[in-house]
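Right, one structure below, let's go through it.
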Number of protein chains: 2
Amino acid sequence: MDQFIGKGGKREEIMELSVPLFAVFGYDGVSMRDVAAVCGLTPAALYYHFSHKEDLYLEVVAHAFREKSAALLIKLKDSDSPWVQLENFITNLAHLAAKDEDFLRLMQWVRLDSEEMRQQKLVTHVFKDLFLAVHALVAKLNSRYDPYMLSMSIIHLVLIPFEGKKIRKFMPGYRPEHDQPDVLARHVIDLLRMGLFEYRTSD
Amino acid sequence: MDQFIGKGGKREEIMELSVPLFAVFGYDGVSMRDVAAVCGLTPAALYYHFSHKEDLYLEVVAHAFREKSAALLIKLKDSDSPWVQLENFITNLAHLAAKDEDFLRLMQWVRLDSEEMRQQKLVTHVFKDLFLAVHALVAKLNSRYDPYMLSMSIIHLVLIPFEGKKIRKFMPGYRPEHDQPDVLARHVIDLLRMGLFEYRTSD
DNA sequence: AGAAACTAAACGAACGTTTAGTAAAATATT
DNA sequence: AATATTTTACTAAACGTTCGTTTAGTTTCT
């Protein structure tokens, strides 16, 4: 009865077990022996399921990203106003970033990938849908800004603080609450709504 | 007459030649044989100047960062108003990021470093001064936001788009002008000043 | 019996690093 | 001023380890 997930099931198991490895140590920092060890297998067994190390890595990253970005996209309902949609998206993204450190670190490794072909493949398959959704959203919100640059700014404002979590701890002025997704989401939303000057739109 | 720079001069030469290597391929992606090759030396010769690979790497990164962040800090004059200072800082930072790709990529590698001791050493020696300067600046500018979070947001808004330059090219809506430092600086300054809504403080 | 999912062992290549030796320059001694 | 000595800045070769990967054989399940 498992004829459809029998082979793929094992592949997925290997992929899920190696996500934390690649997330922490990167492609060059993880050996096939490392992957085999966390899977309870021999290195040679991996070559039954994947043809090369790069094959395994590509599928691991794509798998991790498909999962997460799909979860974000289904929450982008058209029912609310664009501004409420954006607020919700920022909050959701902040919670995802706070919860799933592996996802964030994999993104960083992809951004640093020195093999352009591999990088392009990963990026277009993985980020494009999410970026397009934000792009369409901000285009409805404000016509003064370039929607491309504004989308980038918003995504970065939310994600990067969590990427640099370990680093931020050493910086002067750090307080533990800066790691809470709701606190960061609030900060980003306020900054986007009002900018730096004290005009205050409400309250 | 070269008794003071005789040894250090050669060390610096090696360091400067290996910056592009470590920037592109990272610590694990560069071998001592690679470094030796670009320096026109034998691998063993490197161990005359540096005791370990990690020693070399640490000094390379610290050296590259000291140079760049010092150049940014001396431009932060107290003569102007805080807002003008911030505008200038954003523009300077954007130009630095656009010009020096190695600097940006080294920063990314540091953020991904899995060895906490090494990471902390690099971060505190390198980023702290710059961050402190921005922190003091935004604290004078606006009391509504947490100065720590606001400093982070500003630095990220400027630097990260250039970090992701290769990736952004594959995203829908990209135009070459998005890579121009003045265009990005203008975008960030406007976003910070006015936020998303159409209040317009001045034309 | 036959396909599926492995293991044990080994391949050559590349890795960080060490050892032993050398040519040249600086320093000290006569 | 000429010679001996030390220090500097390396090279050639190799050390043991780890790497990605392969081969040949074995267990497990249908």
Side-chain angles (χ1 to χ4, degrees), chain A residues 1-61 63 109 112-115 117-118 121, chain B residues 1-61 63 109 112-115 117-118 121:
Chain A
M1 62 163 76
D2 278 349
Q3 72 259 34
F4 290 112
I5 60 165
K7 185 177 180 180
K10 191 63 184 187
R11 273 172 68 96
E12 275 208 19
E13 191 188 320
I14 294 173
M15 280 155 53
E16 258 150 42
L17 284 168
S18 36
V19 163
L21 277 183
F22 284 117
V24 173
F25 301 106
Y27 182 79
D28 288 329
V30 174
S31 70
M32 293 301 267
R33 285 165 178 84
D34 293 334
V35 175
V38 305
C39 296
L41 291 173
T42 310
L46 297 174
Y47 287 86
Y48 177 76
H49 297 283
F50 302 91
S51 59
H52 307 300
K53 185 189 178 185
E54 184 163 318
D55 236 59
L56 168 62
Y57 176 71
L58 279 169
E59 296 225 35
V60 163
V61 177
H63 176 264
W109 287 114
L112 271 172
D113 205 317
S114 54
E115 298 207 13
M117 284 289 297
R118 188 167 62 189
K121 213 182 283 182
Chain B
M1 63 164 74
D2 278 350
Q3 70 258 36
F4 291 111
I5 61 165
K7 185 175 182 182
K10 192 64 184 187
R11 273 173 67 96
E12 275 207 18
E13 192 188 318
I14 295 173
M15 280 156 54
E16 256 149 44
L17 285 168
S18 37
V19 162
L21 277 183
F22 284 116
V24 173
F25 301 107
Y27 182 79
D28 287 329
V30 174
S31 71
M32 293 302 267
R33 285 166 178 85
D34 293 334
V35 175
V38 304
C39 296
L41 292 173
T42 309
L46 298 175
Y47 287 86
Y48 177 77
H49 299 282
F50 302 90
S51 58
H52 308 299
K53 185 188 179 186
E54 184 163 317
D55 236 58
L56 169 62
Y57 175 72
L58 280 169
E59 297 224 36
V60 164
V61 177
H63 177 263
W109 288 114
L112 271 172
D113 204 317
S114 54
E115 297 207 14
M117 284 288 297
R118 189 168 61 189
K121 213 182 284 181

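A note on names: the letters A, B, ... follow the listed sequences, proteins ahead of strands, and every chain is numbered from 1.
The heavy-atom pair separating B:Gly29 from B:Asp34 by the smallest distance is O-OD2, 4.0 Å.
Distance alone, capped at 3.5 Å, is enough to place a donor-acceptor pair between the A:Lys53 side chain and the A:Tyr27 backbone. With hydrogens and angles ignored, the 3.5 Å screen pairs no side-chain donor or acceptor of B:Arg33 with any backbone N or O of B:Pro43.
The residue among A:Asp34 and A:Ser51 whose nearest nucleotide of DNA chain D is located toward the 5' end is A:Asp34.
Taken from CD in B:Glu54 to CD in B:Glu115, the straight-line distance is 5.0 Å, to the nearest 0.5 Å.
With a 4.5 Å cut-off on side-chain heavy atoms, A:Ile14 and A:Leu41 count as touching. Residues A:Trp109 and B:Leu112 are in side-chain contact: their nearest non-hydrogen atoms beyond the backbone lie under 4.5 Å apart.
Where the helix from C:dA1-D:dT30 to C:dT30-D:dA1 starts and where it ends, the local axes point in directions that differ by 20°; five pairs per end, rounded to 10°.
Nucleic acid contact class of A:Val35 (heavy atoms, under 4.0 Å, all strands): none.
Distances shorter than 4.0 Å separate some side-chain N or O of B:Ser31 from OP1 or OP2 on C:dC15. Contact check, B:Tyr48 against D:dA9: a side-chain N or O comes under 4.0 Å of OP1 or OP2. Phosphate contact (OP1/OP2 of D:dT8, side-chain N/O of B:His49, threshold under 4.0 Å): absent.
Across the protein-nucleic acid pair, B:Asp55 atom CG and C:dT17 atom C1' stand 14 Å apart, rounded to whole Å.
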